[in-house]
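Residue numbers start from 1 in every chain, and the chains themselves are labelled A, B, ... in the order their sequence lines are given, proteins ahead of strands. Excluded from the calculations below are hydrogen atoms, water molecules and symmetry mates; all remaining heavy atoms, backbone and side chain alike, are included. Only a predicted model underlies this, so the values are computations on that prediction, with no experimental measurement involved.
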Amino acid sequence: MAELVAVIASTHHPFYYRASTATGADRPGFADEWVRKVEAFRETLSRARPDVLVMVGSDHFHQLWLDNMPQFLVGKAPFYDANFYNEEREFGLPRMLLKGQEDLSAYVLREGLDAGFDLAFSNELRIDHSITCPIITLRPQNDLPIVPVYTNIFAPPLPQPKRFVQLGRTIRQLVEAWPSSQRVAVIGTGHLSLELGGPRQFGPHGPDPEFDRKAVDWIAGGDIEKCLGEVTLESLHLPGNATHGFMDFMLMMGVAGEGQRADYVDTYDLFHTMEAYFTWYPGGAW
Amino acid sequence: MSRYLLDKFLYTVDRDPSLVERYREDPAGTVAWWEETQANRILNCCAGESSTWLAFDDVERDALASHDYVKLFELGAHPFLTLTLFIGMFERDHGPLEFQKEYARRLAHFSLPYPDIST
């Protein structure tokens, strides 16, 4: 059976690429420390020596739209083109091409359907910064095949938070039961408190530092039940109108398991949002 | 109220560089052209199978035609779509983050609960 060698949860700040590659007067003051933190985080994946990455993210109205919006979608393609014109325009993100792992995609689709998730699929998924940002930060050589899993955290009506946790638990079960000798890492990205297009956007910190503090504690401690006890679809509007992306962190808590403390936790308080990085090693810390 | 159509306008314009420029330079003309020729186009479907029933109401049409992102927020347009498109059109005219912060200031009179964005 396949081995789940790392579970990684992270924010996906689209400005990292531009900030980390800027030079001279264009380089922001926070860039060097940000790079240092990201490179330390990257090492937590490198040391797990994965063969394939299952990557959880969300389309930002790039390919998926309100005329046909899946709640959970698995990519099943040999390759994935990546990043879109408006991400190039606003964030300076490069166009990318990622290799797919179709066998694992097919397996997750078949077994995921049988496990009770009516998964959508795509044979021509183009992925956006929710998945390319963690490639840029965690695996910049872009040498591993991926299985993308998209969630809807964006276009109401949304699945309930518990459904994200349940999908995370199922992804773990499927990966560990996959008849393969490959080493699998599951990487997912979401948000802490975040406001986009509203009155609390682009402040000196995230819109709700108190929520961020609690959220980091929940994730770091694997405290799924406490998190589910406090977080609802309605309550997630309070810390910022884009905070429903936190449910992708809850999905990753489901992958990591109830009560499983993260082996690596780091945060970085930037303008507009707080960065957060977590790694679990299911087989024990390296 | 056709919140879906508001979002469809923002979505289809934002993903097309030529339309972003056209909407920046001629908002009223672009909205009129788009409603006449594009509003009923079913995305991912051939042109011959278009819809027949989609149209803006006057308030929506005026908000789009005047680049009034405050009104669009009030109408429940998806804030990510609105922000992204307006950054694409107007950030270039301002210093770093100036446009984004001014955008927030102009929405400062809104408090929770924000307008419903479901379509």
J.: Mind listing the closest non-hydrogen atom pair of A/Trp65 and B/Lys8 along with its distance?
T.: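 Closest heavy-atom pair between A/Trp65 and B/Lys8: CZ2-CA, 3.3 Å.
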
J.: Tell me if the centroids of the rings in B/Phe80 and A/Phe154 come within less than 6.0 Å of each other.
T.: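 Aromatic pair counts; centres sit under 6.0 Å.
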
J.: Tell me, side chain or backbone of B/Leu43 under 4.5 Å from chain A's heavy atoms, or both, or neither?
T.: both

J.: CG/A/Asp67 to CG/B/Asp7 distance, rounded to the nearest 0.5 angstrom?
T.: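 If I round to the nearest 0.5 Å, the distance is 12.0 Å.
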
J.: So, using salt bridge (Lys or Arg N to Asp or Glu O under 4.0 Å) as the criterion, who are the partners of B/Glu21 when residues are at least two apart?
T.: B/Arg92

J.: Are side-chain heavy atoms of B/Arg3 and A/Leu66 found at a separation under 4.5 Å?
T.: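 Not touching, per the 4.5 Å side-chain cut-off.
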
J.: If the contact rule is any heavy atom under 4.5 Å from chain A, which residues of residues 96-109 of chain B qualify, in numerical order?
T.: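 Hits under 4.5 Å: B/Leu97, B/Gln100, B/Lys101, B/Tyr103, B/Ala104, B/Leu107, B/Ala108.
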
J.: Is it the case that over 12 heavy atoms from other parts of the model lie below 6.0 angstrom from the CG atom of B/Asp93?
T.: yes

J.: Where do B/Thr84 and A/Glu90 come nearest, in terms of heavy atoms and distance?
T.: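 Distance-wise, the nearest heavy atoms are O-OE2, 3.0 Å.
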
J.: Which bit of B/Leu81 comes within less than 4.5 Å of chain A, counting heavy atoms only: side chain, backbone, both or neither?
T.: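 When you check distances to chain A, only side chain atoms of B/Leu81 fall under 4.5 Å.
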
J.: With only heavy atoms counted, which part of B/Val20 is less than 4.5 Å from chain A, the side chain, the backbone, both or neither?
T.: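 Looking at B/Val20, just its side chain touches chain A.
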
J.: Report which part of A/His60 has an atom under 4.5 Å of a heavy atom belonging to chain B: side chain, backbone, both, or neither.
T.: both

J.: Using non-hydrogen atoms and a 4.5 Å limit, figure out which bit of A/Gln63 sits close to chain B: side chain, backbone, both or neither.
T.: backbone

J.: Using heavy atoms and a sub-4.5 Å threshold, report which of residues 11-24 of chain A line up against chain B, by residue number.
T.: none

J.: Is it the backbone or the side chain of A/Phe84 that comes under 4.5 Å from a heavy atom of chain B, or both, or neither?
T.: neither

J.: Counting neighbours of CZ on B/Arg41 that are heavy atoms of other residues, nucleotides or ligands and sit closer than 6.0 Å, is the number greater than 12?
T.: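 At most 12 heavy atoms, drawn from other residues, nucleotides or ligands, come within 6.0 Å of this atom.
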
J.: Is the number of heavy atoms from other residues, nucleotides or ligands within 6.0 Å of NZ (A/Lys162) greater than 12?
T.: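 Open.
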
J.: What residues of residues 234-253 of chain A sit under 4.5 Å from chain B when you count only heavy atoms?
T.: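 Result: A/His237, A/Leu238, A/Asn241.
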
J.: Go through B/Phe86, B/Tyr69, B/Phe110, B/Tyr4 and name the one with the most non-hydrogen pairs under 4.5 angstrom from chain A.
T.: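 Among B/Phe86, B/Tyr69, B/Phe110, B/Tyr4, the one with the most close pairs to chain A is B/Tyr4.
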
J.: Restricting to non-hydrogen atoms, name the atom on A/Pro156 and the atom on B/Ser118 that form the minimum distance, rounded to 0.1 Å.
T.: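 Reported closest heavy-atom pair: CB-CB, 3.9 Å.
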
J.: Taking the side chain from B/Arg15 and the backbone from A/Tyr85, do they hold a donor-acceptor pair closer than 3.5 Å?
T.: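 No; zero donor-acceptor contacts below 3.5 Å.
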
J.: Give, as side chain, backbone, both or neither, the part of B/Asp116 having an atom under 4.5 angstrom from any heavy atom of chain A.
T.: neither

J.: Hey, is CD on A/Glu210 packed in by over 12 heavy atoms from elsewhere, all under 6.0 Å?
T.: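 Correct, the count exceeds 12.
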
J.: Please find the pair of heavy atoms, one from A/Glu195 and one from B/Tyr114, that lie closest to each other, and give the distance.
T.: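 Scanning both residues, the minimum pair turns out to be OE2-OH, 2.8 Å.
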
J.: To the nearest 0.5 angstrom, please state how far the CG atom of A/Asn68 sits from the CG atom of B/Asn44.
T.: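 Reported to 0.5 Å precision, the distance equals 8.0 Å.
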
